[in-house]
Protein chains: 2
Amino acid sequence: MVRKTKEDAEITRQLIIDAARETFFVRGVSRTPMETIAEKAGVTRGAIYWHFRNKTDLFQAMREQVFLPLIDRMDGILLVESEDDPLSCIERFFTSTIQVLNDDLKTRRTYEVMMTRCEYVDEFAEVLRLILSNCSGFVEKIELVYKRAQDKGQLRPGDDPAALAMDSHFFFTGLLHMWVKDVEDGNIRKNAIQAIKAHIALRRR
Amino acid sequence: MVRKTKEDAEITRQLIIDAARETFFVRGVSRTPMETIAEKAGVTRGAIYWHFRNKTDLFQAMREQVFLPLIDRMDGILLVESEDDPLSCIERFFTSTIQVLNDDLKTRRTYEVMMTRCEYVDEFAEVLRLILSNCSGFVEKIELVYKRAQDKGQLRPGDDPAALAMDSHFFFTGLLHMWVKDVEDGNIRKNAIQAIKAHIALRRR
DNA sequence: TGGTTTACATACATTCATGTTTGTTTATAA
DNA sequence: TTATAAACAAACATGAATGTATGTAAACCA
C-alpha cells in the first residue's frame, strides 16, 4: 500500500476503528496490542499511529462515534414539547435504545467494550467522568418529562417527578448493564421490552 | 525474611490480597505488575507465586473474600419467613448493602475494582458468568419476598411480583453501579438511601 | 513538472512483565 | 536429631508491546 487520497485515508481510519472495536471486544482494551488491530485492519502500526496518538485516542474515537448520535437521539425523543403522552415518551426512549443495541452491531459492541472490557484508570478515568456527567443531564431531562406527565395528570397522586426520574435512571442503567452482559442466557434480552413497559406502567395513574 | 509458621504464612497471604486490591484500584488489574503488588505487601514476587498461581488466581481470592459473606447476608435478610413486613425486608437488604459499601473499605474497593478496573475476557470471562448466575438467584429470592408481600396485602392491586422483582433488580444493579462510580460528585452516595425508600414506597399500597 | 506534503510501511530502541528455576532458612514431624 | 518440606527471596530466561525515527511513493498544488 502506498499513498492514498483523502477519501481513502478516511476509509483506512474507519477500518482501524472497526478493527479496534472488534479486537477490544475479543481481547479487552489493555490486552489488545496495536499490532493485532493493525493486522485485523490490514495495515501496519504505522498507519494507526498516523491517525491516532495512542490507544486511548483510538478508544475515544470509537466511543464518540456511537455516543454522540445517541445523545442527539435522546434529546430528539425526550424533549418534544408537543407531546400529550409524556410517559410514553420515556418508554419509547428506553425501548428504542434497546432496539438500537439489538440491531446495530457497532453500537452494541461499543457498549460491550465500555462496560466489560475496559479499565477506567489513568487516561481512561476521564472517560468515566464524562459518562457520569452525561448521566446527570439524562436524569434532569427525564425529570422534566415526568413533570410534564404530572401536569397532564398521568402520574399517581403523591409521586414525585424527581424521585421517579432517579428511579428510572437506576432502572435503565441496571437494565443496560444486564442486557449487555447477558450474552449466554439471553433471558434478559428477551424480556427487556416487557420490563420497560412494566416499569412505566408502575407510574401510570 | 525467611521461613515462617503456618499463621505467619496466612498473614502474608492476606497482606498480598490487601496489596493487590489497593493496587488494582489505583492502576487497574491488567496494568498492575506483580512486582508492584509485592512491593506494597513488603514481599517479593516469589511470595506471591508461592501463594497464588497467577494474577487471575489472586483476583479470585480477593473477590471471594467479600462476595461469599455478602451472599450469606442476602439470604439472612431476605429469607426470614417470620416477617410480617416483607417490603421492608427488601428495603433493609438494599439499604444495608449500601451501608456495607459505605463503611467497609475492603468491600467498597473490591466492588470498585470489579466494576471499573477489570476487563472480563479470557480467564476473567468466567467471573462475569458467575456474577450473572448469582443475579438470577437474587431475582428469584426477591420475587419470593414480593409474593409474600402480596399475600399480606402490601402491594398495589394489579402489580405482579415477578415484574416487581425484575424492576427492583435493575434498579439495584443500576444504583450499585452509579454509587460505586460516583466518587467525585458524591450526589448519588448522599441520596442512595432516600432513593431506595422511594423505590419501595412506589410499591406499597 | 517539480517540490511539498500526505499517508502510510519499515526499522529501531527501549522498557517492562511474566513465569520458572534455583537457593536459603527454618518449622516440624518422625 | 535429623530429614523433609514449607515459605519464601533472588536470579534467570524470554517475550512482548510501545513509541519514535526513518524511508517512500503517490497525490496535489504552484
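Keep in mind that what you see is a predicted model, and the values were worked out from it rather than measured. Chain letters run A, B, ... following the sequence lines, proteins first, then strands; residues in each count from 1.
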Students often get this wrong, so: under 4.0 angstrom with heavy atoms, is B:S30 touching a base, only sugar-phosphate, or nothing? nothing

Over how many whole Å does the gap from B:E39 atom CD to C:dC16 atom C1' extend? 13 Å

Which residues within residues 43-56 of chain B lie with some heavy atom under 4.0 Å of an atom in DNA chain D? B:V43, B:T44, B:R45, B:G46, B:A47, B:W50, B:H51

Salt-bridged, A:R109 to A:E112, with N to O below 4.0 Å? yes

Go through B:R117 and B:T32 one step at a time and tell me if the side-chain hydrogen bond (donor to acceptor under 3.5 Å, both in side chains) criterion holds. CA-CA 10 Å; B:R117 267 98 168 151; B:T32 293; over 6 Å; no

Below 4.5 Å, heavy atoms only, C-beta onward: do A:T5 and A:D8 meet side chain to side chain? yes

Can you find a heavy atom in the side chain of B:R73 that is under 4.5 Å from one in the side chain of B:F93? yes

A:L58 CG to D:dT18 P, straight-line distance once rounded to whole Å: 11 Å

Without decimals, in angstroms, what is the distance between B:D8 CG and C:dT28 P? 10 Å

From CZ of B:R31 over to P of C:dT18, roughly how many Å is that when rounded to an integer? 13 Å

Is the shortest distance from a Lys or Arg side-chain nitrogen in A:E143 or A:K147 to a carboxylate oxygen in the other one below 4.0 Å? yes

Integer-rounded Å distance: C:dT15 P and B:E35 CD: 17 Å

Basic-acidic side-chain contact under 4.0 Å: B:D75, B:K141: yes

Charged N to carboxylate O below 4.0 Å: is that the case for B:D151 and B:R148? no

Under-4.0 Å salt bridge between B:E123 and A:R31: yes

d(CD, B:E7; C1', C:dA27) in whole Å: 11 Å

Whole-Å distance, B:D57 CG to C:dG19 P, equals 11 Å

By a strict heavy-atom criterion of less than 4.0 Å, which residues belonging to residues 9-27 of chain B are in contact with DNA chain D? B:A9, B:T12

Is B:D85 salt-bridged to B:R204, going by a charged N under 4.0 Å from an acidic O? yes

